[in-house]
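Only this structure's heavy atoms are used, side chains among them; waters, hydrogens and symmetry mates stay out. Whatever order the structure lists ligands and atoms in, that order sets their numbers, starting from 1.
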Amino acid sequence: MKSPMEDLLDTAEKIRSMEIRGAALIGRAAARALKEFALSIEPSDLAEFNAEVGQAADILLNTRPTAVSLANAIRMVMRRRGDDLESARRSLAENADDFVERSLLAVERIGEIGSRRVRDGDVILTHCNSSVALSIIKTAFDAGKDIKVIATESRPRYQGHLTIKTLDGWGITTELVVDSAVRTVINEVDEVIVGADVITANGSLVNKIGTSQIALAAHEARTSFMVAAETYKFSPETMMGELVPIEMRAAEEVYPGISEFKHVRVRNPAFDVTPHQYIDVICTEVGAIPPEMSYLVIKEMLGWEMEGRIK
Ligand code: RUB
């Protein structure tokens, strides 16, 4: 039998190594892991409970630096803890269940809202593997719309292969293209639909590397660019002026055997920033909003987040 800490470290390692990946899944996995941890530890008092849970939260937080879903999920799980050990344990577990349930509902709701913008006969381009973008595509397809999807490979980790597998399973006609083919095909595309790792206070999008080039190509071609993002992917930190850290991943993901070269290094940023000017709409569970309204989402939906932050 593994100790509660060993179980938590297992989840942290799965997130770091990307066995668990995608901002929504990361957030839910962290919430579930914290709940299991809190229910399994045997602290002698509330102070010890808080210290142990705080340490566990920090371990999870440090797995992937970019995704704000991780930080927001952890904060939602950790908030409003009780005044004694057992009520603190209980409220943490309830918060975790609540987060998971709300985040699953949000995916469904965004599917409904976003799919209204997809017309019969549309060609949709998607990048990487976003469960929320896929929810929009599936909802449009289930409503009887005749759609076709163009999916990018999404080098270096080929998350596009996960996307085409899912689309194939649903019976949706799909074409796989290399990332550099986007500008060649963009004139056949009616809308780009991508997910989000972070939405900043000014409405910019942080998502899988390559997203911003797609947005640029879409902008030039006057193709609509839609982002699917639950409200917990909006970053309160950016309202306080912080910049979103971009995760740099291992060189071997790009070129296995790179260490044999003496004068060559690999740079492997996992995400990039798409300026809000290139985004037509962000579909959230509270509505389809222009990126300029992101500030309000952070204030209204994550408002509690600011407590204690403004000195
Ligand atoms: C995944 C990625 C996805 C977002 C949104 O990056 O960029 O587009 O996380 O996904 P990685 P979802 O594979 O490096 O985790 O909509 O499922 O939250």
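Applying the salt bridge (charged side-chain N to carboxylate O under 4.0 Å, His left out) test to every pair with at least one member in residues 100-113, sequence neighbours left out, gives these pairs: D98-R102, R109-E112. Residue pairs satisfying the salt bridge (charged side-chain N to carboxylate O under 4.0 Å, His left out) criterion with at least one member in residues 25-51, sequence neighbours excluded, are listed as follows: K35-D97.
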Distances under 3.5 Å, N/O of ligand 1 against N/O of the protein: list each pair and its distance.
unit_1: ligand 1; atom_1: 7 (O); unit_2: D197; atom_2: OD1; d: 2.9
unit_1: ligand 1; atom_1: 7 (O); unit_2: N207; atom_2: OD1; d: 3.2
unit_1: ligand 1; atom_1: 7 (O); unit_2: K208; atom_2: N; d: 3.4
unit_1: ligand 1; atom_1: 8 (O); unit_2: N207; atom_2: OD1; d: 2.8
unit_1: ligand 1; atom_1: 9 (O); unit_2: A23; atom_2: N; d: 2.8
unit_1: ligand 1; atom_1: 9 (O); unit_2: D197; atom_2: OD1; d: 3.0
unit_1: ligand 1; atom_1: 9 (O); unit_2: D197; atom_2: OD2; d: 3.4
unit_1: ligand 1; atom_1: 13 (O); unit_2: R21; atom_2: NE; d: 2.4
unit_1: ligand 1; atom_1: 13 (O); unit_2: R21; atom_2: NH2; d: 3.2
unit_1: ligand 1; atom_1: 13 (O); unit_2: Q159; atom_2: NE2; d: 2.8
unit_1: ligand 1; atom_1: 14 (O); unit_2: R64; atom_2: NH1; d: 3.4
unit_1: ligand 1; atom_1: 14 (O); unit_2: R64; atom_2: NH2; d: 2.9
unit_1: ligand 1; atom_1: 14 (O); unit_2: K208; atom_2: NZ; d: 2.7
unit_1: ligand 1; atom_1: 15 (O); unit_2: G22; atom_2: N; d: 3.0
unit_1: ligand 1; atom_1: 15 (O); unit_2: R64; atom_2: NH1; d: 2.9
unit_1: ligand 1; atom_1: 16 (O); unit_2: S130; atom_2: OG; d: 2.7
unit_1: ligand 1; atom_1: 16 (O); unit_2: S131; atom_2: N; d: 3.3
unit_1: ligand 1; atom_1: 16 (O); unit_2: V132; atom_2: N; d: 3.3
unit_1: ligand 1; atom_1: 17 (O); unit_2: S131; atom_2: N; d: 2.8
unit_1: ligand 1; atom_1: 17 (O); unit_2: S131; atom_2: OG; d: 2.6
unit_1: ligand 1; atom_1: 18 (O); unit_2: A23; atom_2: N; d: 3.4
unit_1: ligand 1; atom_1: 18 (O); unit_2: A24; atom_2: N; d: 2.8
unit_1: ligand 1; atom_1: 18 (O); unit_2: K233; atom_2: NZ; d: 2.8

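At least one donor-acceptor pair closer than 3.5 Å links the side chain of D179 to the backbone N or O of S154. Within the 3.5 Å criterion, the main-chain N or O of V77 finds a donor-acceptor partner in the side chain of N95.
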Return a table of donor-acceptor pairs under 3.5 angstrom between the side chains of residues 164-174 and protein atoms on other chains or two or more places apart.
unit_1: T166; atom_1: OG1; unit_2: L162; atom_2: O; d: 3.1
unit_1: T174; atom_1: OG1; unit_2: I172; atom_2: O; d: 2.9

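The line from CD1 of I282 to NE2 of H276 is 10.0 Å long, rounded to the nearest 0.5 Å.
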